[in-house]
Every structure is written in structure tokens, then in C-alpha cells.
Amino acid sequence: MSKNIINFIITIVLAYVLSLFLPWWSIMTASLATALFIPLRKVAVFLVPFLAILLLWFVLSYFLSSGNDFILAKRIAILLPIGGNPYVLMLVTGIIGGLAAGIAAVFGKQLSIALKARIQA
């Protein structure tokens, strides 16, 4: 399998496991760790964790909301300027989580580059 797919799967699994015990920012820890240990190139460093967490949070929010027929999601979507659509709210939730994960992964990549340069010096 390619590094992108491996990073994608490990990021989802690690973020899900960490989110069972830690607050929402544990997705950033998962993305940083996968970026440190599974190096990606160029835009994939940001895009792979972004898409992984976007998918994870969208699916989790869908299953949590479908349990109560999207009542709370509809009410929150009315409060926000998204037209009252709960699916757009879930997408926005996924995008916010994806941005946090992508930025943490870029930091992890930069950290791995700095550590390699320090070891070689």
C-alpha cells in the first residue's frame, strides 16, 4: 500500500482511539504522530490528515445525530448562518477538525525535518 493510504488509515484509527479518552484536540496529536513516523511529500502532508479527520468527524457526527433524528443538529444549524441544514453543519464540523489535523501534520513534518537535521549535525 502507498504511504498516503497507510497514513490515512492510521490517522483515522489513532484519532478515534484517542478521542475515546481525550478531548477534541487529540486529533491533532494523532495527525502529528502519523506525520512524524510516516513521512509524506508536498501537499499530501496536509491533505491526507485533513481528509481523514474530515471523514471521521463527519461520520461520527452523522451517527450521533441520527440517533435522535437530527433534532439537535437542526437546532444548531438554525442558529448558525448555514440555512438550517444539519448536513452542512456536519460538513463544517469535519472541515474544522480537518484543518486542525492538517496544520498539526504540517507541524509534525517540520518537526521531523528539524530532528533529522539536528541528528545529522
Side-chain angles (χ1 to χ4, degrees):
M1 282 201 288
S2 90
K3 287 184 181 182
N4 292 344
I5 296 171
I6 293 171
N7 190 309
F8 186 84
I9 292 170
I10 291 176
T11 300
I12 288 178
V13 170
L14 189 59
Y16 180 73
V17 170
L18 288 176
S19 70
L20 294 174
F21 306 107
L22 296 172
W24 70 269
W25 49 262
S26 62
I27 59 151
M28 296 170 71
T29 307
S31 298
L32 187 131
T34 55
L36 273 173
F37 297 115
I38 304 171
L40 299 176
R41 294 181 179 218
K42 299 182 182 178
V43 74
V45 172
F46 178 83
L47 200 58
V48 170
F50 174 82
L51 293 175
I53 299 303
L54 184 140
L55 178 68
L56 175 69
W57 274 19
F58 184 85
V59 169
L60 284 177
S61 64
Y62 177 81
F63 283 122
L64 289 173
S65 294
S66 67
N68 63 6
D69 200 28
F70 301 98
I71 293 172
L72 183 60
K74 288 176 187 174
R75 290 185 180 180
I76 292 174
I78 290 171
L79 292 174
L80 297 174
I82 57 175
N85 190 342
Y87 300 108
V88 174
L89 177 66
M90 291 178 225
L91 183 63
V92 168
T93 301
I95 290 171
I96 291 170
L99 285 172
I103 292 169
V106 170
F107 176 68
K109 176 69 173 177
Q110 295 297 320
L111 186 62
S112 70
I113 291 171
L115 290 174
K116 285 179 186 177
R118 180 151 181 131
I119 290 172
Q120 291 176 356

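Residue Phe107 comes nearest to Leu32 through the heavy atom pair CD2-CD1, 3.2 Å, listed as atom of the first residue, atom of the second, then distance. Of all heavy-atom pairs spanning Ser31 and Ala104, the tightest one is CB-CB, 4.3 Å. Taking both residues in full, the closest heavy atoms of Phe50 and Ile95 are given as CE1-O, 3.8 Å, listed atom of the first, atom of the second, then distance.
Judged as a side-chain hydrogen bond (donor to acceptor under 3.5 Å, both in side chains), not a single pair has a partner in residues 55-69 (not counting sequence neighbours). Within the structure, the ring-ring contact (aromatic ring centres under 6.0 Å, His included) test picks out no pair touching residues 5-43 (sequence neighbours left out).
Clustering ILVMFWY residues whenever any of their side-chain heavy atoms sit less than 4.5 angstrom apart, transitively, puts Ile12 in the very cluster that holds Leu20. Residues Ile96 and Ile82 share a hydrophobic cluster, clusters being chains of Ile/Leu/Val/Met/Phe/Trp/Tyr side chains in contact below 4.5 Å. Linking ILVMFWY residues whenever their side-chain heavy atoms come closer than 4.5 Å, directly or via other members, leaves Ile71 and Phe63 in distinct clusters. Linking Ile, Leu, Val, Met, Phe, Trp and Tyr whenever their side-chain heavy atoms come within less than 4.5 Å leaves Ile113 and Ile38 in two separate clusters. Linking ILVMFWY side-chain heavy atoms closer than 4.5 Å, directly or via other members, places Val48 and Val43 in two distinct hydrophobic clusters.
For Thr11, the side-chain hydrogen bond (donor to acceptor under 3.5 Å, both in side chains) test picks out Asn7, Thr34, with sequence neighbours left out. Annotation: side chain to side chain contact (heavy atoms under 4.5 Å, CB included) contacts of Asn85 (sequence neighbours excluded): Tyr87, Val88. Residues that satisfy the side chain to side chain contact (heavy atoms under 4.5 Å, CB included) test with Ile76, not counting sequence neighbours, are Leu72, Leu80, Leu89. Not counting sequence neighbours, the partners of Ala15 by the side chain to side chain contact (heavy atoms under 4.5 Å, CB included) test are Ile27, Ala30, Ile53, Leu56. Leu22 pairs by the side chain to side chain contact (heavy atoms under 4.5 Å, CB included) definition with Leu18, Ser26, not counting sequence neighbours.
Here OG1 of Thr93 is found 9.5 Å from CZ of Phe58. Values are rounded to the nearest 0.5 Å.
Each of Leu47, Ile6, Val45 was evaluated against Leu40; a single residue qualifies, Val45, per the side chain to side chain contact (heavy atoms under 4.5 Å, CB included) test.
The hydrophobic side chain of Ile78 is isolated, with no ILVMFWY side chain under 4.5 Å apart from it. The hydrophobic cluster containing Leu64, built from Ile/Leu/Val/Met/Phe/Trp/Tyr side-chain heavy atoms closer than 4.5 Å, comprises no other residue.
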